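Worth saying up front: this structure is predicted, and the values here are computed from it rather than measured.
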Amino acid sequence: MAAVKRLKRVAAAQPGFMSFKSSAGSDDLNSGQRKRVNKNKKKNWNKHSDIQDVEEFLDDVRLQERATGGLISEKPDDSLFFVDIGEQRKYVQPEVQEGKKGKKSKSRPLRIDLILQHDSLVPPPKDILAHQQPNAKKLRRIAENAEKLAAMGVLPRRQKRLLNRRPAVTASKSKTAANNFPDRPYYDLWGGDAKETADPYYLEQTGKKRVKRPEKLNSKPSVLPAVEVIAPGGSYNPDFFSHQALLLEAHEVEVKRERAELRIERQLAVNREDTATEETVFQELVEGLVEEEEDEDEEEEDVSIRGGLQQEKKTEKERRRERADKIKSQQKQAARVFTDKKQQLFQLRSIQATLKRGEQQTRERVAQRKANQEAEKSMPRRLGRLRFQAQDLEVQLSDEIPGSLRTLKPEGSVLKDRFKSMQKRNMIEPRERAKFKRRHKVKYVEKRAFREIT
Amino acid sequence: MGGLQKKKYERGSATNYITRNKARKKLQLSLADFRRLCILKGIYPHEPKHKKKVNKGSTAPRTFYLFKDIRFLLHEPIVRKFREYKVFVRKLRKAYGKAEWTGVERLRDNKPGYKLDHIIKERYPTFIDALRDIDDALSMCFLFSTFARTGKCHVQTITLCRRLTVEWMNYVVTSRSLRKVFLSIKGIYYQAEVLGQLITWLVPYQFAHDHPTDVDYRVMATFTEMYTTLFGFINFRLYQTLNLVYPPKLDSKAESELKAEHEEDYAMDSESYLEKLSALSASLARVVATAEEEENQLDLFPTEGENMQAREKEQKEQEAQKRLFEGLKFFLNREVPRESLAFILRCFGAEVSWDKSLCIGGTYEVTDETITHQIVDRPDMDKQYINRYYIQPQWVFDSVNAQMRLPVEDYFLGTTLPPHLSPFVEEKDGDYVPPEKLKLMALQRGEKPGKSRAELDSEEEDEEEEDEEEEEEDDEEEDDVDDEELTEEKNLKKMEGTRVTPGKVKPWETGSVGNKVRLEQEEKAEEKRLAIMMMKKKEKYLYDKIMFGKKRTTREVSSLRCAPAKPTRHITCHHSKVQT
């Protein structure tokens, strides 16, 4: 009850509040006897409290809002009243209509837009907080305090924390510049060694310590220099003899290559004896038809002879003679060996000579092997499926030599030279470009559009 | 007979090697990544001595690596980065396939990258180690910097290579360490001496590229990636040693000079800076402004007197060589290779300029009266100034190689040039030396060019000159060349008494000084003869053989020299053109 009363009081307290229904609230307040009920129960409160006046008031407010778009009491006078000064002239409107006559349909809004238009007069609920701020006093006090502190030069804690924060590591971490970034910075890599401060055992156990590079890896795989200077004949304006020397070298390479080609050709050539002539064709046809009688005869003879020999038996006399011969030859052999040994005493010098020769030969071979091993150090090794193939010699023929630097036409490619040099120095294995292999057969289909034309 | 039977291929060389494919699987990398890793870490395939043992009985050719090397690779942090990258690519492809563009962007932002600094440090523990291995890096970077930006490799790589090479050239110019240049048909070879190391590199001619198809560009790009990192660190250190600002800056004075011209229409400031640097026409800014060049005196050690003197002399010569073109003012015509000429001329202290429309950085005009040399490579010039030489570019290169300013007459406009000799050839005594080189050597000794030319004309005199030279070089040489019999006879006569041997009168044999010299010589010859007599039979035989060989080579050389009166270039090769 008290709430209703208060509300009414509030409404009445509104300056200039006008109720829409004039009759409202005339009879309610003075209605005589009250019903006696217990007020300590919520149910009773709900049942017996009289809230009609409040509802009427609220209804009235809603009605006002619906009908006039706000409380009438709040409206300015201009919107409620107007000064009647007779009829108004309207000559602007017809002109506009004339201009738009052709596009009449366009000027009118679409029906769908009209449907969608907001036509309720109830405005969106008012934001109460727009005018009043919760905790305004407190905030004001805080702001005042902060101002005072700022004047003294004391930063608030939050700002201090922001300032104290480390520069963002993540930003730089994520943006590792590529190694070929043109403006990348460099620094003194070999400058003073930064001593490891952490415990070496800890570093080792956590895998943070770098593994030492084996010393052997620092030796180069070949003794050849990185940049091999071309022979003096390769000058753009060479001396006659050095140029000839270079030409000769190139010529020899070419001859060798040609010879290899010729050899292959020779091996591939068809042997003339292998081709069929009339005679050989006939022979083949007749093969097996003509009987070989002579062979059979010979075989028979052989058998007869062998049989005869087998049947013969050695006599005692023959055996004795054989035995004596054998002993004699053995004795002769022994005597021969003995005399040879005796003779060797006189051959000492020549034997010594042969020994020396043999030693000399061994020594030469050792030297040769050493030399070969030395030479091998500068040779390209077999590192893969393919062998190293030297680059073609860069040569300009006598009539190609330019008279001046301006007319010089460079020979060969430096890129290829570098690439081959790396292969030659065993840094990379020689490879060939991967060939494109088609996995499935290509299907040819004539398009319909094309087929129609033809 | 006890114990287990030994199994084959479980010990020895079979376990020391690992095939490429197995290594790849062990590292869980794709073949391309594995190859990249090996190049970066400097691990090369190895040819085993006993292939059949290593290959478990098969003789099929395979690529082998040492097992220990691969085990070492397992510890490399970059391996993980490679794997991460592989995953990144997979994710990216997936995101693309699903058209998740935010996902693509996020992935791209977090693209995994890797650094090579620690590998460089590991492979080259000291700076000198790195400097020794810079030949390859130089050649590669110079090569890549001349590439066209056609998508054969990353444009960024090309730009980086260009920047590094320009830095290098600026260093060489400032330190004046260039020694030799050789114009070959392939490219230009340079040799410089940096901190006591001889460094040779090859620079291709500009616009000389056809892209060969049988070169693996991926491999080359990987090498370049490693070399650019190495090269940058070396450059930094080298600039430090000279007290130069590292990302090189032009001298403030020079910069203002260059700035004076209107170049706003040329390019943006940031873009043209590298070009200005690459013009090489201005000096670089130093960290501490010092006097241009301090004369660094050699420390004197009293103990080694003669040695010291020789060294001092050498030092002086080097200093003189460094100032070869100092005080000269060159102008380059537009048809000559500007960059190489500017580089060389600046290396020896000359001032260089060129036409404004040719390149940025020209400091003076053609009309400048103080120009001493103009380098021209065309048959004729319309307008010539009287107070300057018009010479062909070869003069510069030849002068650098000869370590002296050669007479300009041979190199004038329109004349046929003398051959350009390779400075990288060092003849042993007895080898054939081209007549031009002989002439040059005479010039270097300070003889007049006219005389030597006269000598060259007639063969006999030429031979005499040759003799003279040999005598100058080595007294023994003379005896070797002479017939053994003659010496024998001479010595016999000497035994009889000290008589003057009848012979040709040597030019220096005049007066008592000449007598003394001759006496000394004879004494030496006598000693030698006795030494020969004392030789064992075997050694004598060897000695005779050596002498015979020497004589033969000299004979051949002399016949070679006699053969062509005038070497002409019109001898054509009678074989078909060698395939190139």
Residue B:Gln240 versus chain A: region with a heavy atom under 4.5 Å: side chain
For chain A, the option from B:Pro125, B:Gly232, B:Ser422 that forms the most heavy-atom pairs under 4.5 Å: B:Gly232
Contact winner vs chain A - B:Arg62, B:Gln191, B:Glu122, heavy-atom pairs under 4.5 Å: B:Glu122
Short side-chain to backbone donor-acceptor contact, B:Arg35 and A:Ile428, under 3.5 Å: no
Structural part of B:Val219 lying under 4.5 Å from a heavy atom of chain A: side chain
Qualifying residues under side-chain contact (heavy atoms from CB on, under 4.5 Å), relative to A:Gln361, sequence neighbours excluded: A:Arg365
Whether A:Asn237 side chain and B:Pro418 backbone form a donor-acceptor pair below 3.5 Å: yes
Chain A contacts, top residue of B:His118, B:His46, B:Glu76 (heavy-atom pairs, under 4.5 Å): B:His118
Ring geometry between B:His420 and A:Tyr236 (parallel below 30°, tilted from 30 to 60°, perpendicular above 60°): tilted
Gap between atom CD1 of A:Ile230 and atom NZ of B:Lys186 - 0.5 Å precision: 5.0 Å
Within 6.0 angstrom of A:Glu215 CD, more than 12 heavy atoms from elsewhere: no
Close side-chain approach of A:Arg425 to B:Asp136, heavy-atom, < 4.5 Å: yes
Flag, side chain of A:Trp190 to backbone of B:Phe233, donor-acceptor distance under 3.5 Å: no
Heavy-atom closest pair, residues B:Thr228 and A:Tyr186: O-OH, 3.2 Å
side-chain contact (heavy atoms from CB on, under 4.5 Å) assessment of A:Leu405 paired with B:Gln394: CA-CA 8 Å; A:Leu405 197 56; B:Gln394 200 189 315; over 6 Å; no
Interface moiety of B:Pro48 toward chain A, non-hydrogen atoms closer than 4.5 Å: neither
Considering all heavy atoms, the nearest A:Glu429-B:Tyr65 contact: OE1-OH, 4.3 Å
Heavy-atom contact with chain A under 4.5 Å, split by part of B:Lys68: neither
Distance, nearest 0.5 Å, that separates CZ of A:Arg213 from OH of B:Tyr124: 8.5 Å
Any side-chain heavy-atom pair of B:Tyr114 and A:Asn179 under 4.5 Å: yes
Atom pair NZ/CG of A:Lys216 and B:Leu66 - distance to nearest 0.5 Å: 6.0 Å
Residues B:Phe236, A:Leu189; criterion side-chain contact (heavy atoms from CB on, under 4.5 Å); working and verdict: CA-CA 9 Å; B:Phe236 185 93; A:Leu189 187 69; over 6 Å; no
Contact winner vs chain A - B:Phe127, B:Phe64, B:Phe142, heavy-atom pairs under 4.5 Å: B:Phe127
Proximal to chain B - members of residues 378-389 of chain A, heavy-atom separation under 4.5 Å: A:Arg381, A:Arg382, A:Leu383, A:Gly384, A:Arg385
Pick from A:Ala226, A:Ser235, A:Pro185, A:Pro232 with the largest number of heavy-atom pairs that fall under 4.5 Å of chain B: A:Ser235
Side chain / backbone / both / neither for B:Arg162 at chain A, heavy atoms under 4.5 Å: neither
B:Met140 and A:Met422, any side-chain heavy atoms less than 4.5 Å apart: yes
Side chain / backbone / both / neither for A:Lys220 at chain B, heavy atoms under 4.5 Å: side chain
Side chain, backbone, both or neither of B:Pro45 within contact of chain A (heavy atoms, under 4.5 Å): both
Note, B:Ile43 side chain near A:Leu217 side chain (heavy atom, < 4.5 Å): yes
Interface moiety of B:Tyr239 toward chain A, non-hydrogen atoms closer than 4.5 Å: neither
Pairwise side-chain contact, A:Arg418 with B:Phe223, heavy-atom cut-off 4.5 Å (strictly under): no
Proximal component of B:Arg123, with respect to chain A [non-hydrogen, under 4.5 Å]: both
Heavy-atom proximity to chain A below 4.5 Å, by part of B:Glu225: side chain
Under 4.5 Å from a heavy atom of chain A, the part of B:Thr126 involved: backbone
For A:Gln368, side-chain hydrogen bond (donor to acceptor under 3.5 Å, both in side chains) partners two or more places apart: A:Asn372
Spacing of NZ belonging to A:Lys212 relative to CZ belonging to B:Phe72, to within rounding of 0.5 Å: 9.5 Å
Contact origin within B:Asp129 toward chain A - heavy atom pairs under 4.5 Å: neither
Options B:Thr229, B:Thr159, B:Leu421, ranked by heavy-atom pairs under 4.5 Å with chain A, top entry: B:Thr229
Between A:Arg433, A:Arg210, A:Glu432, the one whose heavy-atom pairs under 4.5 Å with chain B are most numerous: A:Arg210
Proximal component of A:Glu228, with respect to chain B [non-hydrogen, under 4.5 Å]: backbone
Residue part contacting chain A, namely of B:Val425, when any heavy atom lies under 4.5 Å: side chain
Flag, side chain of B:Asp377 to backbone of A:Arg406, donor-acceptor distance under 3.5 Å: yes
A:Val229 and B:Phe182, any side-chain heavy atoms less than 4.5 Å apart: yes
Within-4.5 Å side-chain heavy-atom neighbours: A:Arg184 and B:Gln156: no
side-chain hydrogen bond (donor to acceptor under 3.5 Å, both in side chains) involving A:Asp188 - partner list, sequence neighbours excluded: B:Arg237
Smallest separation among heavy atoms of A:Phe419 and B:Asp214, with atom names: CE2-O, 3.7 Å
Which portion of B:Leu164 sits near chain A, non-hydrogen atoms under 4.5 angstrom: side chain
Engaged part of B:Asp117 at the chain A interface, taking heavy atoms whose separation is under 4.5 Å: both
B:Leu202 and A:Asp417, any side-chain heavy atoms less than 4.5 Å apart: yes
